[in-house]
Amino acid sequence: MAGFVAKKLCPELIMLKLNFDKYIAKAQEVREIIVDYDPRFESASIDEAYLNITEYCRTNDIAPEEAVEQLRMEVHEKTKITISAGIAANAKLAKICSNMNKPNGQFSLPRERNAIMAFMRDLPTRKVNGVGRVFERELDAVGVKTCGDIYQYRQYLAKLFGDKAFAFLMQCYLGLGRTTVQPAEEYERKSVGTESTFGEMGNPVELRDKLRATAEELEKDMVRTQFKGRTLCLKVKLHTFEVFTRQVIPPKAVYLAEDLYKYSLPMLSKLEQEFPGMKLRLMGLRCTHLVSMKKPDTMAFFGFKRKSTSDQTESESPSSDTAKRKADSLDNAGEGQWESWPDELLFEDAERQEREDEMQELETLSQEIDKRRHHGKEIVPNPKKGEEVEEDWWDCPICGRPQAASEREFNEHIDLCLSRQTIRDVVQETAESRSRDQTPVPKRAKMGNEKGRERGVGGDPKQRRLCFG
DNA sequence: GCGGATCAG
DNA sequence: ATGGCTGATCCGC
């Protein structure tokens with residue numbers, strides 16, 4: 001929870017200063033213990049790790065639950081901190097399970113299909129890594145609250161959310177996830193960047209100084225990580241909190257502050273033209289399409305290829321039921337045409353009707369998503385029947401409006417209040433009222449076809465996700 | 001490939 | 001009257 005929100009909720013709250021050096025040192029202590037359980041464990045972050053304890057359990061002739069119990073005990077004794085763990089058939093499930101008995105607990109999900117499917121069936125989509133605030137709401141809008149709900153909507157999900165999301169959701173429904181674990185260092189880095197927030201800045205000279213400073217910061221990181229970048233990306237956040245990025249491909253791979261500045265300056269100047277009177281509150285530089293400066297030895301040690309030409313490991317998408325039936329019907333048409341001729345006609349008619357119904361349903365679902373996208377913040381869930389109606393209210397620390405005094409609903413509301421869309425709406429409204437006064441409002445870079453609908457805020461590419469006809 | 005958006009930690 | 005920073009991935013164009 002954001003500090004300022006917590007402080008409003010609990011004015012007597014005592015806030016300690018961060019001490020990252022301390023956390024890093026402590027994390028190292030923990031890692032020195034877990035390495036004994038899996039020498040190739042994967043650090044997911046400073047306080048998370050994935051272990052494949054298959055081998056450990058085998059050689060020590062011990063059950064996974066026992067091994068983890070022992071690991072947690074050992075960590076507690078040696079480092080004086082408590083940890084939680086999940087034990088499951090793959091990384092996705094283990095991550096979910098690790099949250100089941102927090103703090104200082106563990107949860108084991110049987111490595112058996114039926115148990116896994118049953119577990120997923122009632123699991124809220126939000127519990128899955130990769131489903132955030134936005135996706136959760138969109139899924140909710142079409143009626144998918146739990147991973148079990150996914151199956152009944154399967155025919156619409158690819159069209160509504162794309163093929164990748166569809167594959168992802170099917171894997172959620174089935175409880176599938178990766179079973180590989182490898183040291184983090186063996187993952188190939190894709191970018192190096194730095195950014196910083198500061199008080200509003202509009203002075204072009206100051207902005208150039210800031211760009212120079214940013215370039216110098218990035219050079220440090222490039223040297224530390226031993227990379228050059230083929231692409232250079234400039235990121236800015238305007239005083240309105242709108243974020244923009246611009247990128248260039250310099251004539252050579254870059255990493256020196258000198259070059260980073262030289263090639264990013266034109267992007268900054270162009271943005272100044274695009275948004276006359278531009279005031280920034282954040283600036284960042286990032287290099288992508290990295291080229292390693294490390295000695296070949298080190299690279300080869302981790303088994304990196306010189307220039308990896310993408311290896312398509314993507315599993316092929318399962319063909320839908322309707323597609324299969326279609327194929328079946330086509331096959332049948334090959335042989336038994338005689339007898340089945342009248343049936344075929346009937347069948348085709350029924351199929352056409354079904355297609356039209358599906359189309360109608362799809363549009364309804366799509367509209368449902370759009371509806372919540374726009375004024376989702378205004379939707380107040382109806383009090384459930386049978387429950388006594390709450391008499392008292394809690395004031396939201398952000399919008400100040402009274403909210404139902406239910407912990408869950410209150411937290412959901414705070415979530416909503418902090419959501420980007422809400423923020424953007426507010427920004428837009430204030431920007432409009434400002435422009436009615438005199439202050440020049442940033443002029444937008446060509447916004448395509450926009451005929452006054454949607455309050456002029458940038459054309460959300462997902463807003464109209466389907467085109468019929 | 002570019003630029004926007006979402007997500008995680 | 002918005003949490004900041006780093007990095008990854010996906011989508012539409």
Side-chain angles (χ1 to χ4, degrees), chain A residues 1-8 15 18 20 23 27 43-49 95 99 126 128-138 160-168 184 187-198 200 214 217-218 221 225 227 230-249 267 271 274 281-290 314 373 396-400 414-431 433-434 444-449 457-467:
Chain A
M1 175 178 280
F4 78 98
V5 176
K7 196 79 181 175
K8 286 214 176 162
M15 307 253 253
L18 295 172
F20 263 95
Y23 314 148
S43 287
S45 68
I46 194 168
D47 70 343
E48 279 193 343
K95 164 77 179 168
N99 289 315
R126 185 60 194 271
V128 182
N129 236 354
V131 179
R133 225 174 29 220
V134 176
F135 199 20
E136 179 194 32
R137 261 218 296 285
E138 291 179 347
L160 289 170
F161 303 114
D163 292 344
K164 282 283 164 59
F166 174 74
F168 170 78
Y187 284 103
E188 213 169 348
R189 179 192 274 272
K190 306 253 172 39
S191 72
V192 181
T194 180
E195 65 189 61
S196 64
T197 301
F198 38 81
E200 268 178 33
T214 309
E217 274 307 303
L218 183 52
D221 289 342
T225 56
F227 282 108
R230 289 189 181 289
T231 319
L232 180 58
C233 178
L234 174 70
K235 171 176 172 179
V236 298
K237 193 190 282 183
L238 306 190
H239 65 123
T240 56
F241 283 82
E242 291 167 293
V243 176
F244 297 97
T245 61
R246 294 292 182 269
Q247 53 185 2
V248 288
I249 301 173
M267 293 192 278
L271 280 168
E274 222 172 301
R281 78 180 325 268
L282 173 147
M283 185 184 287
L285 281 176
R286 174 168 300 273
C287 283
T288 62
H289 297 112
L290 301 179
E314 198 67 44
R373 181 183 293 279
C396 170
I398 299 151
C399 69
I414 289 179
D415 230 25
L416 216 61
C417 252
L418 292 172
S419 85
R420 287 244 168 81
Q421 186 57 51
T422 309
I423 289 166
R424 228 199 302 172
D425 285 350
V426 172
V427 168
Q428 187 58 30
E429 279 156 28
T430 59
S433 66
R434 225 201 331 279
R444 304 197 60 90
K446 73 163 182 289
M447 223 151 48
N449 57 341
V457 100
D460 187 336
K462 274 207 204 152
Q463 227 157 62
R464 192 78 210 130
R465 44 180 87 228
L466 289 169
C467 291

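Sequence lines set the chain letters: A, B, ... in the order given, protein chains first and strands last, and positions in each chain run from 1. FYI, side chains are in, hydrogens and waters are out, and symmetry mates aren't considered; it's all heavy atoms of this structure.
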Check every atom of [options] against the side chain of [X] and return the nucleotide holding the closest atom.
X	options	value
A/S45	C/dC11, C/dT6, B/dG9	B/dG9
A/F135	B/dC7, C/dG7, B/dG1	B/dC7
A/K235	B/dT6, C/dT6, B/dG9	C/dT6
A/E195	B/dG9, C/dC5, B/dG3	C/dC5
A/R189	C/dT6, B/dG4, C/dG7	C/dG7
A/K237	B/dG3, C/dG4, B/dC7	C/dG4
A/K164	C/dT2, C/dC5, C/dC10	C/dC10
A/F244	B/dA8, C/dG7, B/dG4	B/dG4

Value in whole Å for how far the [atom2] atom of [N] lies from [atom1] of [X]:
X	N	atom1	atom2	value
A/M15	C/dG4	CE	P	13 Å
A/F161	B/dA5	CZ	C1'	15 Å
A/R126	B/dC7	CZ	P	7 Å
A/I46	C/dG7	CD1	P	15 Å
A/L238	C/dA1	CG	C1'	17 Å
A/E48	C/dG7	CD	P	18 Å
A/F241	C/dG3	CZ	P	8 Å
A/F166	C/dC11	CZ	C1'	18 Å

Kindly compute the distance separating [atom1] ([X]) from [atom2] ([Y]), expressed to the nearest 0.5 Å.
X	Y	atom1	atom2	answer
A/T288	A/K190	OG1	NZ	11.5 Å
A/M267	A/L271	CE	CG	8.5 Å
A/E242	A/R281	CD	CZ	13.0 Å

[N], OP1 or OP2 - any side-chain N/O from [X] closer than 4.0 Å?
X	N	value
A/R286	C/dG7	yes
A/R281	C/dT2	no
A/S191	C/dA8	yes
A/T197	C/dG3	no
A/K190	C/dT9	yes
A/K95	B/dG9	yes

| C/dG3 and B/dT6: how far apart are their P atoms, nearest whole angstrom? |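 15 Å, rounded to whole Å.
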| Relative to each other, are the rings of A/F161 and A/F135 parallel, tilted or perpendicular (30° and 60° limits)? |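 Taking A/F135 first and then A/F161, their aromatic rings stand perpendicular (interplane angle over 60°).
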| With sequence neighbours excluded, what pairs up with A/D221 under the salt bridge (Lys or Arg N to Asp or Glu O under 4.0 Å) test? |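 Once residues adjacent in sequence are excluded, the partners of A/D221 under the salt bridge (Lys or Arg N to Asp or Glu O under 4.0 Å) criterion are A/R224.
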| said: If you apply the rule side chain to side chain contact (heavy atoms under 4.5 Å, CB included), what do you find for A/T225 with A/L290, and how did you get there? | reply: CA-CA 11 Å; A/T225 56; A/L290 301 179; over 6 Å; no
| request: Determine the contact category for A/L282: base if any of its heavy atoms lies under 4.0 Å from a base atom, sugar-phosphate if only primed atoms, P, OP1 or OP2 are that close, otherwise nothing. | output: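 Sugar-phosphate: the residue A/L282, judged by heavy atoms under 4.0 Å, touches backbone atoms but no base.
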